[in-house]
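Please read all numbers here as calculations on a predicted model, not as lab measurements.
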Amino acid sequence: MTRATADPVRPSRLAVAAAGTLLTLAACAGPEPTEAPAQQPTEPTTEQPAPQAISAEGTLAPPEQATNAFTYDPALAPVGARLSVEAEESDGSTEVELEVDGLLPDRGYAVHAHARPCGPTGQAAGPHYQNEVDPAATPEQASADPAFANPRNEIWLDLTTDAEGDGEARSEVPFVFTDRAPASIVVHEAEATATAAGEAGAAGGRVACVDVPFA
């Protein structure tokens, strides 16, 4: 009688099953876990405040009719002339721009920022606004010291009109407004602001005024 012998090249069913089980476990295990990269600290950011923009405009009218723009001398500052002011603070400085329409043609005007709002008379606007106030100035005697009455410590916007009576001026000063700020722009009768010692800042009578909300 012939005895059956095992096929030497065919693996047993048990070995095949064991190998399959090992492959399945290896597949389920997945790759070795890796450590998440450490979070890098971020520098705190400081937001810069947006520049403060200011604008105002007005049409000159006699004091008894005016709301925010006054003429005190219609022969030099005609009724109906317009004044427009824009100001912007940025990086420790302030830029102010003035546009005029309808003043006398081909004429110079001295113009400054003043400490108080316009009123029924030109004197209502008070003295020139000064960033550093002249300690020698009084209500009766305005500052005339060039160390204080100058276009870096005050805001001067002297201009010359064209043949249509229009003009513009720009001033940039090295300060911004804090607890004090000007409240108006005043047009004077002089064609330019004086600068000599003893008369610095002088510009003659006040012919027009427009309120500007600098603060």
Side-chain angles (χ1 to χ4, degrees), residues 51-60 66-73 76-77 81-101 103 108-135 137-139 141-161 167-195 199-215:
Q52 180 180 355
I54 298 162
S55 64
E57 62 179 21
T59 300
L60 298 184
T67 54
N68 70 325
F70 298 70
T71 176
Y72 307 114
D73 187 345
L76 295 178
R82 293 186 59 81
L83 308 180
S84 301
V85 181
E86 292 188 358
E88 185 170 324
E89 299 177 356
S90 179
D91 297 327
S93 65
T94 303
E95 182 177 327
V96 184
E97 294 185 2
L98 168 68
E99 291 187 5
V100 302
D101 301 280
L103 295 180
Y109 289 90
V111 184
H112 314 107
H114 279 245
R116 296 197 292 270
C118 308
T121 69
Q123 297 308 309
H128 292 182
Y129 173 84
Q130 293 185 327
N131 180 50
E132 185 178 351
V133 178
D134 183 351
T138 67
Q141 183 62 49
S143 175
D145 182 347
F148 297 92
N150 64 67
R152 300 283 288 171
N153 190 50
E154 301 183 347
I155 299 173
W156 294 10
L157 294 160
D158 293 13
L159 57 82
T160 299
T161 58
E168 59 184 29
R170 173 183 172 276
S171 176
E172 184 170 355
V173 290
F175 56 82
V176 296
F177 307 125
T178 54
D179 57 333
R180 292 190 308 108
S184 61
I185 294 292
V186 173
V187 180
H188 294 260
E189 65 180 349
E191 297 197 13
T193 304
T195 58
E199 60 177 9
R206 305 177 184 194
V207 300
C209 181
V210 61
D211 289 328
V212 183
F214 285 102

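For A142, the side-chain contact (heavy atoms from CB on, under 4.5 Å) test picks out no residue, with sequence neighbours left out. By the side chain to side chain donor-acceptor pair (under 3.5 Å) test, T59 is found to be paired with R82, residues two or more places apart in sequence or in another chain being considered. Listed by chain and residue number, Q130, D134 satisfy the side chain to side chain donor-acceptor pair (under 3.5 Å) test with S143 (two or more places apart in sequence, or in another chain). Under the ring-ring contact (aromatic ring centres under 6.0 Å, His included) criterion, Y129 pairs with F177, not counting sequence neighbours. In this view, E172 and R170 satisfy the salt bridge (charged side-chain N to carboxylate O under 4.0 Å, His left out) rule, not counting sequence neighbours. Taking F175 as the reference, nothing meets the ring-ring contact (aromatic ring centres under 6.0 Å, His included) condition, with sequence neighbours excluded. Under the side chain to side chain donor-acceptor pair (under 3.5 Å) criterion, T94 pairs with no residue, sequence neighbours left out. In this structure D158 satisfies the side chain to side chain donor-acceptor pair (under 3.5 Å) test together with T193, sequence neighbours excluded. Scanning for side-chain contact (heavy atoms from CB on, under 4.5 Å) contacts around A183 gives P117, with sequence neighbours left out. For E132, there are no salt bridge (charged side-chain N to carboxylate O under 4.0 Å, His left out) partners, not counting sequence neighbours. Not a single side-chain contact (heavy atoms from CB on, under 4.5 Å) links T178 to another residue, sequence neighbours left out.
When atom types are taken as modelled, the side chain of T71 and the backbone of A77 share a donor-acceptor pair closer than 3.5 angstrom. In terms of modelled atom types and a separation under 3.5 Å, the side chain of Y109 and the main chain of T161 share no donor-acceptor contact.
The two atoms that bring V210 and E57 nearest to each other are CG2-C, 4.3 Å, heavy atoms only. The two residues F148 and N153 make their nearest non-hydrogen contact at O-ND2, 2.9 Å. In terms of heavy atoms, R116 sits closest to Q123 at NH2-O, 4.2 Å. Minimum heavy-atom separation, Y72 to G119: OH-O, 2.8 Å. Taking both residues in full, the closest heavy atoms of E189 and L76 are given as CB-CD1, 3.9 Å, listed atom of the first, atom of the second, then distance. Counting all heavy atoms, side chain and backbone alike, F70 lies closest to P120 at CE2-N, 4.3 Å.
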When the side chains of residues 200-208 are checked against the rest of the protein, which donor-acceptor pairs come out under 3.5 Å, sequence neighbours left out?
residue, atom, partner, partner atom, Å
R206, NH1, G122, O, 3.0
R206, NH1, G126, O, 2.8
R206, NH2, G126, O, 3.1

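For the atom pair OG1 of T67 and CG of D211, the computed distance is 8.5 Å after rounding to the nearest 0.5 Å. We find the SG-NE2 distance between C209 and H188 to be 9.0 Å, quoted to the nearest 0.5 Å. Note that the CD atom of E191 and the CG atom of L159 stand 11.0 Å from one another [nearest 0.5 Å].
Surrounding CZ of R152 are at most 12 heavy atoms belonging to other residues, nucleotides or ligands under 6.0 Å away.
Between V85 and the choices V212, V100, L157, the side-chain contact (heavy atoms from CB on, under 4.5 Å) rule is met once, by V212. Evaluated for a side-chain contact (heavy atoms from CB on, under 4.5 Å) with H114, the options I155, V186, I185 yield exactly one hit, V186.
With a 4.5 Å cut-off on side-chain heavy atoms, E97 and S84 do not count as touching.
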